[in-house]
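Data block below; observations after.
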Amino acid sequence: MAKNRNLIKNSNQNFKLFGRPSIFIGIYILMGAFLIQETISGFKSDGSPFGFLTVNFLEGFIFIITLLVFLFSLLALFFGNRKHQRKIGNKIWNRNSKKSMWLFIFLIALFYFVLLYLLRMGEEQLVIPAFLIGYGLVLMALNFSKSESLYYFSALSIFLGILSLYTNGINFYLLMSLGVVHIIFGIFTKKSVTSQ
C-alpha cells in the first residue's frame with residue numbers, strides 16, 4: 001500500500017478497454033440480453049408473471065436492466081483500469097482521463113436518447129441493430145490509443161448491427177454474440193498486456 005502513495009500523474013488517456021474489464025462487460029451484456037429476452041418472451045405468454053405487466057412497466061423493466069448493465073460495465077472499466085494504472089505506478093485521474101470519461105458519458109447519454117426515441121416511435125425492431133451499430137461507433141470514437149484490435153472489434157460490432165437489420169428472429173443472438181466477442185477480446189488483450 002505504501003507504493004500507491006507515490007503515484008505519478010501522467011498525461012496519458014488512462015481508460016482503455018482491455019483484459020478483465022472487457023471480460024466483465026461481455027458477461028454483463030450476455031446477462032442483460034438474456035434477461036431482456038426472457039422478459040419479452042414472458043410478456044408474450046399468459047403463463048408467465050411478466051404477462052401481467054403493462055407495456056409501460058415492461059419498458060421500465062427493460063430500461064432498468066440496460067441501466068444496470070451500463071453502470072456495472074462502467075464500474076468494471078473504472079476499477080480494472082485503476083488497478084492496472086496503480087500497478088504501473090500512475091494515477092488514474094488526469095486532464096485527459098477526465099475529458100475522455102465525460103465524452104464517454106455524453107456519448108452514452110446521446111446513445112440512450114436515440115434508442116429511447118426509436119422505442120417511443122414504435123420501431124422496436126431497430127433498437128438492437130441501432131445499439132450494435134452505435135456501440136461500434138462509440139468504441140471507435142473512444143479509441144484514443146489507436147489500438148488496431150479495438151478497431152476490428154468496433155467493425156465487428158457494426159457488422160453485427162447491419163446483419164441484424166437484414167435478418168429476423170436472431171437479434172438477441174447477435175446481441176449475445178457481442179457479449180461473447182467482448183469476452184474473447186478481453187482474453188486476448190489480457191494476454192497481450194501481461195506479456196508487455
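Leu74 CG to Ile105 CD1: the interatomic distance, rounded to the nearest 0.5 Å, is 6.0 Å. Between Ile128 atom CD1 and Gln37 atom CD the span is 8.5 Å, to the nearest 0.5 Å.
Phe106 and Leu77 fall within a single hydrophobic cluster, where Ile, Leu, Val, Met, Phe, Trp and Tyr side chains are chained together by heavy-atom contacts under 4.5 Å. In the hydrophobic cluster analysis, where Ile, Leu, Val, Met, Phe, Trp and Tyr join through side-chain heavy atoms closer than 4.5 angstrom, Tyr151 is grouped together with Phe159. Under a hydrophobic clustering in which Ile, Leu, Val, Met, Phe, Trp and Tyr are joined whenever their side-chain heavy atoms come within less than 4.5 Å, directly or via other members, Phe113 and Val138 fall into different clusters. No chain of hydrophobic side-chain contacts below 4.5 Å, direct or via other Ile, Leu, Val, Met, Phe, Trp or Tyr residues, connects Met121 to Leu110.
With ring centers used as reference points, Phe131 lies under 6.0 Å from Phe111. If you look at Phe172 and Phe34, their ring centroids are not closer than 6.0 Å.
Within the 4.5 Å cutoff, side-chain heavy atoms of Thr66 are placed close to those of Ile36. Side-chain contact between Ser149 and Phe188 is absent, with no heavy atoms from C-beta onward closer than 4.5 Å.
Between the Ser157 side chain and the Leu132 main chain, a donor and an acceptor come within less than 3.5 Å of each other. Of the possible polar contacts, one joining the Ser164 side chain to the Gly161 backbone as a donor-acceptor pair under 3.5 Å is found. Side-chain atoms of Tyr112 do not come within 3.5 Å of backbone N or O of Leu107 as any donor-acceptor pair.
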- request: Could you go through the side-chain contact (heavy atoms from CB on, under 4.5 Å) check for Thr167 and Ile170 one step at a time?
  value: CA-CA 7 Å; Thr167 55; Ile170 63 166; 3.4 Å; yes

- request: Could you give me the CA-CA distance, side-chain angles and deciding distance for His182 and Tyr28, then say whether ring-ring contact (aromatic ring centres under 6.0 Å, His included) is met?
  value: CA-CA 10 Å; His182 241 297; Tyr28 299 146; over 10 Å; no

- prompt: Could you walk me through whether Phe24 and Ser73 pass the side-chain contact (heavy atoms from CB on, under 4.5 Å) check?
  reply: CA-CA 7 Å; Phe24 279 119; Ser73 299; over 6 Å; no

- prompt: What's the verdict on side-chain contact (heavy atoms from CB on, under 4.5 Å) for Leu150 and Met140, showing C-alpha distance, side-chain angles and the deciding distance?
  reply: CA-CA 7 Å; Leu150 194 54; Met140 205 173 283; over 6 Å; no

message: Set out, in order, the CA-CA distance, both residues' side-chain angles and the distance that settles side-chain contact (heavy atoms from CB on, under 4.5 Å) for Ile62 and Leu35, then state yes or no.
response: CA-CA 9 Å; Ile62 291 172; Leu35 281 173; over 6 Å; no

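Leu175 and Ala33 make their closest contact through CD2-CB, 3.7 Å (heavy atoms, listed as atom of the first residue, atom of the second, distance).
In this structure, Tyr135 and Phe153 have perpendicular ring planes: the angle between them is above 60°, well past the 30° mark.
Residue Tyr152 is found outside any hydrophobic cluster, as its side-chain heavy atoms come under 4.5 Å of no other Ile, Leu, Val, Met, Phe, Trp or Tyr.
Environment of OH in Tyr173: sparse, with no more than 12 heavy atoms of neighbouring residues, nucleotides or ligands closer than 6.0 Å.
The side chain to side chain contact (heavy atoms under 4.5 Å, CB included) with Pro129 is formed by just one residue from the set Leu165, Leu118, Leu174; it is Leu165.
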